[in-house]
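Working notes, beginning with the structure itself.
Side-chain atoms are counted along with the backbone in the values below, which use heavy atoms only and exclude waters and symmetry mates.
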Amino acid sequence: MTWAATRAAGLTRLERFLPNAGSRYARLRNHDFGPDQRHNVSGLSPYLRHRLILEAEVLDAVLGRFAPSTAEKFVQELYWRSYWKGWLEHHPSAWTRYRDTVTDGLARLGDDAPLRRCYQDAVSGRTGIEPFDAWARELTDTGYLHNHARMWTASIWLFTLELPWALGADWFLRHLLDGDPASNTLSWRWVAGLHTRGKTYLARPDNILRYAGRRFDGSAATPAGLDRLAARGTPLTEPEPPARIDPVWPDRLTPPAERFGLLLGEDDLHLDTELIPAAVAALPQAPRSPEPTGSAAAAFTTAAIGDALARAGACWRVPCESLTAPAAAGAWAGRHGLKEVVMAYAPVGPGGDAQRTALASLTDAGVACRIFLRDHDRRAWPHAARGYFALAKRIPALVAPPQAD
């Protein structure tokens with residue numbers, strides 16, 4: 001599977017996937033047939049993660065072809081992404097706690113030689129557990145893993161290899177093309193028994209053979225190492241769950257009247273063509289970890305940002321540039337005589353941190369900022385404060401055309 005980091009490539013992938021988004025997707029989506037056989041899944045996650053394409057575009061295309069009941073499973077999976085993002089908006093300390101735990105865990109690696117060896121064997125695909133090692137190599141080589149493989153890999157990391165959960169989440173986040181702070185962090189917490197407290201996800205040999213056996217066909221009846229998998233997963237614990245807050249989000253986009261610029265971030269590279277900005281800039285990709293971002297993921301994000309700037313230049317024929325740092329936003333606005341700057345809201349995570357730095361720079365420069373929240377998020381996130389079911393039961397209303405308010 002190839003990953004061109006452009007909006008055009010994302011739309012092409014969506015068009016090719018559409019015939020399979022109904023009952024075929026529901027029947028085959030859990031199977032990992034191998035990196036060259038991804039016909040059973042959409043492959044849209046890297047494009048949605050950076051909003052090269054929008055959730056609303058995908059929903060319109062899928063529901064324009066299938067009845068909601070036929071496409072129910074795909075639509076539900078799409079809303080899982082919205083659920084994770086919305087939940088982290090309500091519990092932002094889960095992100096800061098995770099980042100602190102990663103920092104502590106990396107320090108432990110420097111002091112604990114046995115832990116360091118086990119960690120290095122895992123991320124290098126040298127554990128002797130054949131499926132895990134294949135997934136580890138696929139992750140670092142390609143930047144992608146099937147969603148079911150992500151769950152199995154995280155479970156083996158936690159309960160068989162007994163490695164720190166946050167270091168596993170950090171490994172994923174650094175390498176995934178679709179590395180999303182909310183989906184990644186909270187999925188690892190879910191596997192570990194922290195998100196739904198006391199409930200873990202345990203990788204079982206029979207389940208792996210059922211859904212991934214074809215990619216591990218060989219001379220042996222069973223892939224090597226599966227007999228080593230933990231028979232039970234003891235849930236991880238924490239002193240208290242992340243505190244819940246009541247977020248205050250911006251409203252939808254209202255174009256400004258004065259001379260303004262558009263500032264893009266890696267979380268949202270969609271161009272709203274009703275705008276006619278005087279200049280466009282993009283924030284550089286934000287660090288995902290104290291450790292370097294994987295080469296495939298870094299290249300995808302850089303290319304995605306470049307694609308957005310190229311599209312902006314072709315659309316509006318205005319100066320477009322990539323900023324060297326978020327703190328350079330004020331100087332950029334000054335060079336172009338901007339009175340206001342428009343930005344799509346960046347959710348909790350590195351992109352949100354970068355946006356706050358840019359906002360402070362613009363404020364110091366005396367430039368007004370107009371941050372907006374997309375309708376898809378504005379409608380879904382308020383229902384994501386607790387469990388997924390609270391959001392899932394509202395999906396029929398959420399996919400219906402929004403009413404004027």
**Complete:** Smallest heavy-atom separation, R197 atom then P241 atom, equals NH1-CD, 3.4 Å
**Request:** May I ask you to decide if L167's main-chain N or O and W157's side chain share a donor-acceptor pair within less than 3.5 Å?
**Result:** no
**Message:** Rounded at 0.5 Å granularity, tell me how far CD1 in I371 sits from CG in L253.
**Reply:** 12.0 Å
**Request:** Would you check if P255 and F260 make a side-chain contact, meaning some heavy-atom pair closer than 4.5 Å?
**Result:** no
**Prompt:** Is there a side-chain contact between P396 and P68 (heavy atoms, below 4.5 Å)?
**Reply:** no
**Prompt:** Below 4.5 Å, heavy atoms only, C-beta onward: do H146 and N40 meet side chain to side chain?
**Reply:** yes
**Side chain D121, main chain T127, donor-acceptor under 3.5 Å** = no
**Item:** Ion pair check, D100 and R97, cut-off under 4.0 Å
**Value:** no
**Request:** Determine the sole option in H383, R379, H376 for which the side-chain hydrogen bond (donor to acceptor under 3.5 Å, both in side chains) test with S82 is passed.
**Result:** H376
**Prompt:** Regarding E57 and Y47, is there a side-chain donor-to-acceptor distance under 3.5 Å anywhere?
**Reply:** no
**Asked** Are there more than 12 heavy atoms of other residues, nucleotides or ligands under 6.0 Å from atom CZ of R27?
**Response** yes
**Message:** So does A327 get a backbone contact from the side chain of S361, meaning a donor-acceptor N/O pair under 3.5 Å?
**Reply:** yes
**Asked** Do W381 and P347 have side-chain heavy atoms sitting under 4.5 Å apart?
**Response** yes
**Asked** Does D272 pair with R252 as a salt bridge, N-O distance under 4.0 Å?
**Response** no
**Request:** Enter the distance from E130:CD to T222:OG1 here, rounded to the nearest 0.5 Å.
**Result:** 10.0 Å
**Asked** Is there side-chain contact between T234 and F159, with heavy atoms separated by less than 4.5 Å?
**Response** no
**Request:** Kindly check if the number of other-residue, nucleotide or ligand heavy atoms within 6.0 Å of CD1 (I276) is above 12?
**Result:** no
**Request:** Could you tell me which non-hydrogen atom of H39 sits nearest to which non-hydrogen atom of N20, and how far apart they are?
**Result:** O-ND2, 3.8 Å
**Asked** For L236 and W165, which heavy atoms make the closest approach, and how far apart are they?
**Response** CD1-CD1, 3.7 Å
**Asked** Do the ring centers of F74 and F17 come within less than 6.0 Å of each other?
**Response** yes
**Asked** Are the charged groups of R51 and E55 less than 4.0 angstrom apart, N to O?
**Response** yes
**Message:** Assess whether a salt bridge exists between D206 and R210, defined as any Lys/Arg side-chain N lying under 4.0 Å from an Asp/Glu carboxylate O.
**Reply:** no
**Message:** Please confirm whether the ring centroid of W135 lies under 6.0 Å from the ring centroid of F132.
**Reply:** no
**Complete:** Output for pair (T254 OG1, F372 CZ), nearest 0.5 Å, gives 10.0 Å
**Message:** What verdict does the side-chain contact (heavy atoms from CB on, under 4.5 Å) test give for V341 and L262, after you've listed the backbone C-alpha separation in whole Å, the side-chain angles of each residue and the deciding distance to 0.1 Å?
**Reply:** CA-CA 6 Å; V341 167; L262 175 64; over 6 Å; no
**Asked** Charged N to carboxylate O under 4.0 angstrom, E77 versus R29?
**Response** yes
**Asked** Does a donor on one side chain sit under 3.5 Å from an acceptor on the other, for W152 and D32?
**Response** no
**Message:** Donor-acceptor check, side chain of T96 to backbone of S93, threshold 3.5 angstrom: yes or no?
**Reply:** yes
**Prompt:** Can R49 and E266 be counted as an ion pair, charged N to O under 4.0 angstrom?
**Reply:** yes
**Complete:** Closest non-hydrogen contact found for A385 with H91 is O-CE1, 3.0 Å
**Residue of the set T185, L186, N184 for which side-chain contact (heavy atoms from CB on, under 4.5 Å) holds with W84** = L186
**Message:** Using only atom types and a distance under 3.5 Å, with no angle test, would you say the side chain of D170 pairs donor to acceptor with the backbone of V102?
**Reply:** no
Which side-chain N or O atoms in residues 386-393 pair as donor and acceptor under 3.5 Å with protein atoms at least two apart or in another chain?
{"residue": "Y388", "atom": "OH", "partner": "Q76", "partner atom": "O", "Å": "2.9"}

**Prompt:** Do side-chain atoms of R378 reach the backbone of L373 as a donor and acceptor pair under 3.5 angstrom?
**Reply:** no
**Asked** Is there a side-chain contact between P164 and L115, using heavy atoms and a 4.5 Å cut-off?
**Response** yes
**Message:** Quick check: closest heavy atoms across A281 and W332, and the distance to 0.1 Å?
**Reply:** CB-CE2, 3.4 Å
**Prompt:** Are there more than 12 heavy atoms of other residues, nucleotides or ligands under 6.0 Å from atom CD of E274?
**Reply:** yes
**Message:** Applying side-chain contact (heavy atoms from CB on, under 4.5 Å) to L226 and L209, what does each step give before you reach the verdict?
**Reply:** CA-CA 9 Å; L226 281 189; L209 290 173; 4.0 Å; yes
**Request:** Please step through side-chain contact (heavy atoms from CB on, under 4.5 Å) for the pair L271 and R7, ending with a clear verdict.
**Result:** CA-CA 10 Å; L271 303 183; R7 172 170 167 79; over 6 Å; no
**Message:** If I take atom CZ from residue R174 and atom CG from residue L139, how far apart are they, to the nearest 0.5 angstrom?
**Reply:** 9.0 Å
**Prompt:** Any chance the rings of F300 and W3 have centres within less than 6.0 Å?
**Reply:** no
**Nearest-0.5 Å distance that lies between atom CG in L44 and atom CZ in R81** = 9.5 Å
**Fill in**
Output for pair (L362 CG, L263 CG), nearest 0.5 Å, gives 6.5 Å
**Asked** Parallel, tilted or perpendicular: which describes the rings of H31 and F33, with under 30° parallel and over 60° perpendicular?
**Response** parallel
**Message:** Would you say that P35 contacts Y144 through its side chain, given a criterion of any heavy-atom pair below 4.5 Å between the two side chains?
**Reply:** no
**Request:** Answer yes or no: is there a side-chain heavy-atom contact under 4.5 Å between L173 and E291?
**Result:** no
**Prompt:** Taking all non-hydrogen atoms of both residues, which atom of E89 and which atom of V348 are closest, and how far apart?
**Reply:** OE2-N, 2.8 Å
**Test item: T200 side-chain N/O and L202 main-chain N/O as donor-acceptor pair under 3.5 Å** = no
**Message:** Treating R116 as the side-chain partner and L109 as the backbone partner, does any N or O pair qualify as donor plus acceptor under 3.5 Å?
**Reply:** yes
**Asked** What's the verdict on side-chain contact (heavy atoms from CB on, under 4.5 Å) for V123 and H175, showing C-alpha distance, side-chain angles and the deciding distance?
**Response** CA-CA 11 Å; V123 300; H175 287 283; over 6 Å; no
**Prompt:** Is it true that a side-chain atom of H50 and a backbone atom of L52 form a donor plus acceptor pair closer than 3.5 Å?
**Reply:** no
**Message:** Donor-acceptor pair, distance only, cut-off 3.5 Å: does the side chain of H195 make one with the backbone of V191?
**Reply:** no
**Request:** Could you tell me whether D307 and R311 make a salt bridge, using a distance below 4.0 angstrom between a side-chain N and a carboxylate O?
**Result:** yes
